[in-house]
Engineer: 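Encoded as structure tokens, here's the structure I'll be asking about.
Chain A is the first sequence line, chain B the second, and so forth, proteins listed ahead of strands; every chain is numbered from 1. Treat the numbers as computed from the prediction; the structure is a model and nothing was measured.
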Protein chains: 4
Amino acid sequence: MKDERTATGGAVLRQRVTEAITEAAFAELAEVGYARTSMERVAKRAGVGKAALYRRWSSKQTMLTELIRDRITASLPPTPATGVLRTDLLALLTTIRGQLSAPLLTRIGAGLLAEAGTDAALAEMLESVVAAPRRAAALEVLRGAVDRGELPPGADLELGIDLVIAPLAFRVLVTREDGGDEYLERLADAIEAGLKATAR
Amino acid sequence: MKDERTATGGAVLRQRVTEAITEAAFAELAEVGYARTSMERVAKRAGVGKAALYRRWSSKQTMLTELIRDRITASLPPTPATGVLRTDLLALLTTIRGQLSAPLLTRIGAGLLAEAGTDAALAEMLESVVAAPRRAAALEVLRGAVDRGELPPGADLELGIDLVIAPLAFRVLVTREDGGDEYLERLADAIEAGLKATAR
Amino acid sequence: MKDERTATGGAVLRQRVTEAITEAAFAELAEVGYARTSMERVAKRAGVGKAALYRRWSSKQTMLTELIRDRITASLPPTPATGVLRTDLLALLTTIRGQLSAPLLTRIGAGLLAEAGTDAALAEMLESVVAAPRRAAALEVLRGAVDRGELPPGADLELGIDLVIAPLAFRVLVTREDGGDEYLERLADAIEAGLKATAR
Amino acid sequence: MKDERTATGGAVLRQRVTEAITEAAFAELAEVGYARTSMERVAKRAGVGKAALYRRWSSKQTMLTELIRDRITASLPPTPATGVLRTDLLALLTTIRGQLSAPLLTRIGAGLLAEAGTDAALAEMLESVVAAPRRAAALEVLRGAVDRGELPPGADLELGIDLVIAPLAFRVLVTREDGGDEYLERLADAIEAGLKATAR
DNA sequence: TTCTAATCGAGACGGTACGTCCCGTCTTGCC
DNA sequence: GGCAAGACGGGACGTACCGTCTCGATTAGAA
């Protein structure tokens, strides 16, 4: 996160310590979840003083938010462009399903969302890092289909985005079923057909 | 929930106290959210000893889970049966949107879900009290449409349920946009057309 | 210290806990001294939560100050009244020497005095509980001698008080020699003769 | 103390840095007292890195002990020798009073003494630098009086030393009254008369 | 004058203690 | 026996220093 040096001489947060903390924090998150992760245990586990944590982040919330954001940011979805809507949709749905199914996310996803209700900075982060890129990818896929004439010009692409993301996210994160390949295929079919019906 | 008398003696949990606690708890939930609601503050706010809380519920989780469950249970969605799929869907979507938009739910919804990741009892409660009835209502609407021939016999009704619930929930709880009437209409159109495309 | 009950029902600081803390605190004082005594260790040693300490005293300083004050207050010097100045002086000096030599006092006396430099409440406490009673006892002894004609009417009794207390305190607390019986006798002689020389 | 050059290279502890630290340390001592003086604040105040302090002294105790010792050493009392006991005593008492009244000493005196209880090196320093020279001066004054026949040969000069130092120290450092000139005169009278009475 | 090694400011490091807040349990005396 | 009040042991929070260590920049004696 930081680690860029200051103007003159001066101390700098050490990469090794940051890495040890990061590793310990994710291990705790995986073991006890977002709410029960404690700074004290993270520090102990990383073999580090509590101050090393607070030198990097101003609070527990900030630390977890930032660590998770960085990890999520590292896995942006590519935008498929096969030239066929159904194929593009399937590829996108498969990618998103894979990212949502990551053990970390299923473990802490809801906790993050909950925290976002209180913490505007976290909410903004989730929007910009998690939601926006996926909405953008979905929008691009749909817009391509409109350009190629696979979807009518008046199709409600905003609704289309919701259809791409919401049912899958719901299934994986809330219902905690995995959404098998067949599910994805039928979802892709439904999205395509459904969107055609939304043209003004 | 309780307030049934115990076996011996004449002592019974007093209704007035239970009500004061309930009121205070929801007030705290609304003000500070699920995670930051503390038993200490609820007791103080209710003008009640902490023991009065623990006499009724075994833990903070249990108390909040139970209180919220009772409140949610009180607002089960009716199953519309107008004889026309699109009308039924619109009615159902409107009802669900109304319930999801309740200030309490937007405030603590994600927190509940997060806690459910750790707390199996809460997860089970949410499934049985929140999800199942709404899935059942959606299923009944869709099944009626199949019976009337509005949907083909092979339509994937499980996916249909997701389409009814997920995009709307996502919009209201995550995106925090309200999903206006026009959104509901297009969504209803997309569900109907989409489901027709899922027949084997 | 406290332990008097509040008006209605209500919790009360438990005597047993207070005693355990007191015992642990004096044990720590004896082992590591005033400055290095820590609340954390006192609590651990007493088998008590830190909060139990802070419920009784608002800070470490306050706790130690109050505990020590109470212990000191319990040992007020009696005022000897044998009718002979030299005998009275010897008795008083012996008593004071005994109290100053208590292991606790030699261990923490200077620390208390140091803290008093910063802490006006402590300073006032030391003055009223430690100094004033001893000054009063000395003054009474000397005034009796004036009344009986053993000392001239113009003798400087304020100086007399200093002569009774200071050399002995200095020897025991600073020089850390004990001031044997012979020392006390010569000191008594010097005080008597010295005071006679201060009459205007 | 230091500032002598090392074997190789050109590096030497820089005088300017040492001076800045010294000045900052005494400023902190004066402001917050012995116990609350922190290395961190001294370094910051001196515009110096913490390492600069630890390069010169091995610990906070050592640093403060050494700095204070050097400052005290600079103000040894001269031994008056007027040929008349009472005059010598008055001169000595006046000098000692002046030194004890120095703002620094009244601020940190008790703290030093307290620390000396734990820290043998500090205790030894105080004895050799503070106490011993003053005892020696007092002893020389008294011995001269014995030689001149102003005091009997058997007079208890050890007690005499206590009488010179203790009441005055007590008044200035503990009672925090100043001991006016009249007090010194009566004290001198009392010492002279008192000592005459201690001859075997 | 150039080289070179220790000192410099800055502050991160692992630790220990501070004083606070909340958990879920326990105790007290009133009703 | 329920009740209000709140003390209890325990654990985590975020802060302040301790004495040590790490950086790159400075500085002054030796070559």
Side-chain angles (χ1 to χ4, degrees), chain A residues 5-14 16-18 36-41 43-44 46-56 58-60, chain B residues 5-6 8-14 16-17 36-41 43-44 46-55 57-61, chain C residues 5-14 16-18 36-41 43-44 46-60, chain D residues 5-14 16-17 36-41 43-44 46-60:
Chain A
R5 57 211 58 226
T6 55
T8 106
V12 147
L13 298 173
R14 278 188 240 156
R16 302 291 299 263
V17 172
T18 305
R36 286 184 230 287
T37 292
S38 89
M39 296 301 259
E40 217 119 75
R41 288 174 57 83
K44 191 75 86 185
V48 139
K50 274 203 298 178
L53 277 61
Y54 286 100
R55 233 173 264 126
R56 287 169 172 74
S58 63
S59 73
K60 176 179 147 176
Chain B
R5 57 204 59 224
T6 55
T8 76
V12 146
L13 298 171
R14 282 186 229 152
R16 300 293 299 263
V17 171
R36 289 186 226 288
T37 292
S38 91
M39 297 300 259
E40 219 118 79
R41 289 171 57 86
K44 190 74 85 185
V48 139
K50 273 168 58 172
L53 277 62
Y54 285 98
R55 229 173 273 124
W57 301 278
S58 64
S59 73
K60 174 179 151 178
Q61 268 67 30
Chain C
R5 60 210 58 226
T6 54
T8 105
V12 148
L13 298 173
R14 277 187 242 155
R16 302 291 298 263
V17 172
T18 306
R36 287 183 229 287
T37 292
S38 91
M39 297 300 260
E40 217 118 76
R41 287 173 58 84
K44 190 75 86 184
V48 139
K50 274 203 298 179
L53 277 61
Y54 286 100
R55 232 173 266 124
R56 288 170 171 75
W57 302 279
S58 63
S59 72
K60 176 179 147 175
Chain D
R5 60 209 59 223
T6 55
T8 74
V12 146
L13 296 172
R14 282 186 229 152
R16 300 291 300 262
V17 171
R36 288 187 227 287
T37 292
S38 89
M39 296 300 259
E40 220 117 77
R41 290 171 57 84
K44 191 75 86 185
V48 140
K50 274 168 57 172
L53 277 62
Y54 286 99
R55 229 173 268 123
R56 288 169 172 73
W57 302 278
S58 64
S59 73
K60 175 178 149 177

Engineer: For the helix from E:dT1-F:dA31 to E:dC31-F:dG1, what is the angle between the axes at its two ends, each from 5 pairs, rounded to 10°?
Structural biologist: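 About 20° separates the two local helix axes.
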Engineer: What is the separation between atom CZ on A:Arg41 and atom P on F:dG11, rounded to the nearest whole Å?
Structural biologist: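 Going from CZ in A:Arg41 over to P in F:dG11 covers 11 Å.
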Engineer: Any heavy-atom pair between the side chains of A:Val17 and A:Arg56 that's under 4.5 Å?
Structural biologist: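 They are in side-chain contact.
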Engineer: If you only use heavy atoms from C-beta on, which nucleotide in E:dC13, F:dC8, E:dT7 is closest to the side chain of C:Leu13?
Structural biologist: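 From the listed options, F:dC8 comes nearest.
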Engineer: How many Å lie between CH2 on D:Trp57 and P on F:dC18, as a whole number?
Structural biologist: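 These atoms are roughly 14 Å apart.
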Engineer: Tell me which of B:Arg36 and D:Gly47 sits closer to the 5' end of DNA chain E, going by the nucleotide each one is nearest to.
Structural biologist: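 Result of the comparison: D:Gly47.
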Engineer: Just the rounded figure in Å: distance from P of E:dT7 to OH of D:Tyr54.
Structural biologist: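 So the two atoms are 17 Å apart, to the nearest Å.
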Engineer: What's the CZ-C1' distance between C:Arg14 and F:dC8, to the nearest Å?
Structural biologist: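 Between C1' of F:dC8 and CZ of C:Arg14: 5 Å.
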Engineer: Which residue lies toward the 5' end of DNA chain F, A:Ser58 or C:Ala52, if each is placed at its nearest nucleotide?
Structural biologist: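 Whichever sits nearer the 5' end wins; that is C:Ala52.
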Engineer: Does C:Arg56 put a side-chain nitrogen or oxygen below 4.0 Å from OP1 or OP2 of F:dC8?
Structural biologist: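 Looking at the OP1 and OP2 atoms of F:dC8, one of them is under 4.0 Å from a side-chain N or O of C:Arg56.
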Engineer: In whole angstrom, give the distance that lies between atom CG of D:Leu53 and atom C1' of E:dC8.
Structural biologist: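 So the CG-C1' distance, D:Leu53 to E:dC8, works out to 13 Å.
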Engineer: Of the nucleotides E:dC23, F:dC13, E:dT7, which has the atom closest to the B:Lys60 side chain?
Structural biologist: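 Per side-chain heavy atoms of B:Lys60, the pick is E:dC23.
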Engineer: Measuring from the side chain of B:Gln61 (C-beta onward, heavy atoms only), which nucleotide among F:dC8, E:dG24, E:dC18 has the closest atom?
Structural biologist: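 Nucleotide nearest to B:Gln61's side chain: E:dG24.
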Engineer: Could you work out, with salt bridge (Lys or Arg N to Asp or Glu O under 4.0 Å) as the rule, every residue matching C:Lys50, not counting sequence neighbours?
Structural biologist: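 C:Glu40.
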Engineer: Could you check C:Ser38 against A:Val48 and say which one's nearest nucleotide on DNA chain E is further toward the 5' end?
Structural biologist: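 Its nucleotide being nearer the 5' end, the pick is A:Val48.
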Engineer: If I take atom NZ in residue C:Lys44 and atom C1' in nucleotide E:dT16, what distance separates them, rounded to the nearest angstrom?
Structural biologist: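 Distance check: C:Lys44 NZ to E:dT16 C1' gives 13 Å.
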Engineer: Ignoring hydrogens and geometry, is there a side-chain-to-backbone donor-acceptor pair from A:Lys60 to A:Thr37 under 3.5 Å?
Structural biologist: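 Yes, because the side chain of A:Lys60 sits within donor-acceptor range (under 3.5 Å) of the backbone of A:Thr37.
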Engineer: With rounding to the nearest 0.5 angstrom, report the OG to CG distance, A:Ser58 to A:Leu53.
Structural biologist: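 The CG atom of A:Leu53 is 11.5 Å from OG of A:Ser58, to the nearest 0.5 Å.
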Engineer: Side chain of B:Ala51 only, heavy atoms from C-beta on: which candidate in E:dG14, E:dC23, E:dC26 is closest?
Structural biologist: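 Closest nucleotide to the B:Ala51 side chain: E:dC26.
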Engineer: Does B:Arg55 make a side-chain N or O approach to OP1 or OP2 of F:dC3 shorter than 4.0 Å?
Structural biologist: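 So the side chain of B:Arg55 is within the cut-off, an N or O lying under 4.0 Å from OP1 or OP2 of F:dC3.
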Engineer: Among F:dT20, E:dC8, F:dC8, which nucleotide has an atom closest to any side-chain atom of D:Lys50?
Structural biologist: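 Per side-chain heavy atoms of D:Lys50, the pick is F:dT20.
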Engineer: Let me know the distance between CD of B:Glu40 and P of F:dC8, rounded to the nearest Å.
Structural biologist: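 Computing the B:Glu40:CD to F:dC8:P distance gives 14 Å.
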Engineer: Would you mind telling me which residue lines up with the more 5' stretch of DNA chain F, A:Thr37 or B:Val17, judged by nearest nucleotide?
Structural biologist: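 Upstream on the strand: B:Val17.
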